[in-house]
Each structure stands twice: as structure tokens, then as C-alpha cells.
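What's counted below: heavy atoms across the whole structure, side chains too, no hydrogens, waters or symmetry copies. We name chains A, B, ... by the order of the sequence lines, and we start the count at 1 in each one.
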Protein chains: 2
Amino acid sequence: MNPNKQQELLDQFKLRHTTCRLDVVAFFLSKKFAIAHIDLEHAFKHQFDRVTLYRTLKTFLEKGIIHKVLDDEGTPKYALCPSACAHLHHHHHDHVHFKCNVCGHTTCVEDIFIPQITLPQGFKVEEKNLLLSGVCPNCSK
Amino acid sequence: MNPNKQQELLDQFKLRHTTCRLDVVAFFLSKKFAIAHIDLEHAFKHQFDRVTLYRTLKTFLEKGIIHKVLDDEGTPKYALCPSACAHLHHHHHDHVHFKCNVCGHTTCVEDIFIPQITLPQGFKVEEKNLLLSGVCPNCSK
DNA sequence: GTTTATGCAAATTCTTTGCAATACT
DNA sequence: AGTATTGCAAAGAATTTGCATAAAC
């Protein structure tokens, strides 16, 4: 991976380059599945404070560098926004998410989009979120 | 509504008829949107303990009388299982959920089903969960 | 009478806030 | 230098656990 990818991302979103942010972005880039706060806490137990990690996620979410990935668990998970939406203010995450019941990871299936759904009269749809669950290619081998 | 519907449901799932369970089932039956623990706490503040309500939800979920509804908030919400899946061990909640950003309620849109999605080779899909959000008919009037 | 559910107290876990010290540009 | 970020302490929520009492069957 390009060693400057983290820096580029922070630049792009007008965020200061701090050690914590660089490391967290690198962590997101290195994992292809959605990340929860607890994952960061485990990964950076001795490097950064719990609170800083909460604030980093919050900032990243507000700036749009990451998006929330819905999951059937309690805690929210996040993933980097695909480059397609990275520059837009109005994000469109109309891709499918897949939760593997074996490894527990939730991944973005970015090349599959959510089909058009027609709801009964009166509903105004603004966002779509499709979570499929089952067994991922890795675990079904 | 049939006044014995609560009793029937508890019978059906082999649960003892306690005041708390009867009242919580009745509450679920009376609301057409998904319920969080906090909703029960508000509704039954002076009648049942917070802990009892947690345990009631847990039991109902384990027995399959309710299911978890996806939401973009932190706290989990639950809804009664539609009768179609109530008797099965292997639940299939392949209907659409709609979250209204105005009133905040998440409802099951039971007559709309999730279309077939073909994932890349290797994925085994077991469950589908589609959450649409926007404005519900009530709030868009 | 035996088993299961409840209430209360308390422990854990999760998340947020305030503020002084530090790092970034 | 000026502004934003971090770490620590502490507050506030949310959720779980243990155990004695009470209710269900």
C-alpha cells in the first residue's frame, strides 16, 4: 500500500496530521471490514487514550472520511467511505453490507448496489441500508 | 384487539404468564413501531424494575417472540415477529424496515419484500435486512 | 413443592464532558 | 503565536450480575 495514503486522506478532509489519526486511518485501510471503537481500543491500548479514539471516530464521521455501517450488534461500526463518495457532501452509501456469522466481520460489498424499492404511497425514502448476513467467502472455504 | 392475544402469545412460546410479560407483550401489540428498552422503561416506570424489563426483552428475544430491528441509533430496538415466522426456528425477516427521521419511529413494512440480490461468488446469504429511512406517511402530511 | 421470575443493590461496561498540557500548522 | 488535539479525571448512561423474596405452575 502507498505509504502516504493516510496523509493524503487526512489532507483531503482538511484534518491535522496527528499520530493518532494517521494510525487510525492506517488501521482502517489495513482492514477490509467495519471497525468498532472497541477494535481501536484493543489495537491501540497502550498508545492512545480511549477518549481520543472516541473523538477520532466522531471527527472522522463528521468530516465524512468514514461512514456508519449498520449491524445487528449493539455497538456502531464504521468503514472508510468508498472513493466514489469521498468528495461529495451528500454521501450515497447505496452499496450492500455483508455480515459474516462465522468470523463476525461486516464488510462493504461495494460493487453491488441496492435495487430500487417502491414503498406504499406517502413514504419519502432518503437513505437505504441493506445488510445481508450469512457466510463470507473466506469462511465458507 | 382480542383481549387474550397476550396470553396466547406467551402460551405459544411456552412462557409463564407474569404481569410484566403480559403488559410488555400488550405494549408491543399496541405499537406498530419497534420498541427499545428505554421505551419500556418510560411506559412502565412505576410498575416494573429496569432490570426486569431488560430480562423480559432478553427472554422474548431468545424464545423468538420478538426480533431485533436494525437501526442507525446505538440502542437496539425490537418488534414482534410476524405470524408468518412465529412458529419457525429459523426466522426469516425478509421484509423492509422504515425509519422515519421526523418522528424517529422504525416500522416494519411487512407487505414489501427484499428483492433477490446476487452477491459475488463465495458468499452464502442467510438473512436479509433492509432499512430505508426518510419521512413516513404520518409525518409527511 | 419445585421451578422460574422479580426487585433491589451493586458491579461493569460504554460514552461523554471539562480542563489543563501538548502538538500541529 | 494561535488553534486544534490529546490525556486524565470524573461524570453520566446503559447493561449485567448476585442473591433473597415472591409468584407461577
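Across all strands shown, B/E41 has no heavy atoms under 4.0 Å from either base or sugar-phosphate atoms.
Rounded to whole Å, the distance from CG on A/L57 to P on C/dT16 is 10 Å. Here C/dT15 presents its C1' atom at 5 Å from OH of A/Y54, a figure rounded to the nearest Å. When the P atom of D/dA23 is taken as reference, atom CG of B/D23 falls 15 Å away, rounded to whole Å. To the nearest angstrom, C1' of C/dA5 lies 13 Å from NZ of B/K63. As rounded to whole Å, 13 Å separates atom C1' of C/dA5 from atom CG of B/L10. Per the geometry, NE2 belonging to A/H37 stands 11 Å off C1' belonging to C/dT16, to the nearest Å. In this structure, the CG atom of A/L22 is 9 Å from the P atom of C/dC24, given to the nearest Å. When the C1' atom of D/dG7 is taken as reference, atom CD of A/Q47 falls 14 Å away, rounded to whole Å.
The main-chain N or O of A/C20 is never found under 3.5 Å from a side-chain atom of A/D23 such that the two would form a donor-acceptor pair. A/H67 contributes a side-chain N or O that, together with a main-chain N or O of A/A79, makes up a donor-acceptor pair within less than 3.5 Å. A/K68 places a side-chain N or O within donor-acceptor distance of the main-chain N or O of B/D72, the cut-off being under 3.5 Å.
Using cut-offs of 30° and 60° for the angle between ring planes, the B/H105 and B/F33 rings count as parallel.
DNA chain D is contacted by both A/T59 and B/P76; A/T59 maps to the nucleotide lying nearer its 5′ end (nearest heavy atom per residue). Checking B/T19 against B/K58, the closest nucleotide of DNA chain D that is more toward the 5' end is the one next to B/K58.
Considering only side-chain atoms of A/R21, the nucleotide from D/dC25, C/dC24, D/dT5 that sits closest is D/dT5. Of the candidates C/dC14, D/dT5, D/dC19, the closest approach to any side-chain atom of A/T18 belongs to D/dT5. Looking at the side chain of B/V51, the nearest of the listed nucleotides C/dT16, D/dC25, D/dT17 is D/dT17. In the set C/dC24, C/dT4, D/dT16, C/dT4 carries the atom at the smallest distance from any side-chain atom of B/R16. When the nucleotides D/dT15, C/dC24, D/dC8 are ranked by their closest atom to the side chain of A/D49, D/dC8 comes out on top. Of the candidates D/dA14, D/dC8, C/dT6, the closest approach to any side-chain atom of A/R55 belongs to D/dC8. Set against D/dA24, D/dA14, C/dT6, the side chain of B/T52 has C/dT6 as its closest nucleotide.
Between the base of D/dG7 and the side chain of A/R50 there is no donor-acceptor pair shorter than 3.5 Å.
Residues satisfying the side-chain contact (heavy atoms from CB on, under 4.5 Å) criterion with B/V102, sequence neighbours excluded, are B/C100, B/V135, B/C139.
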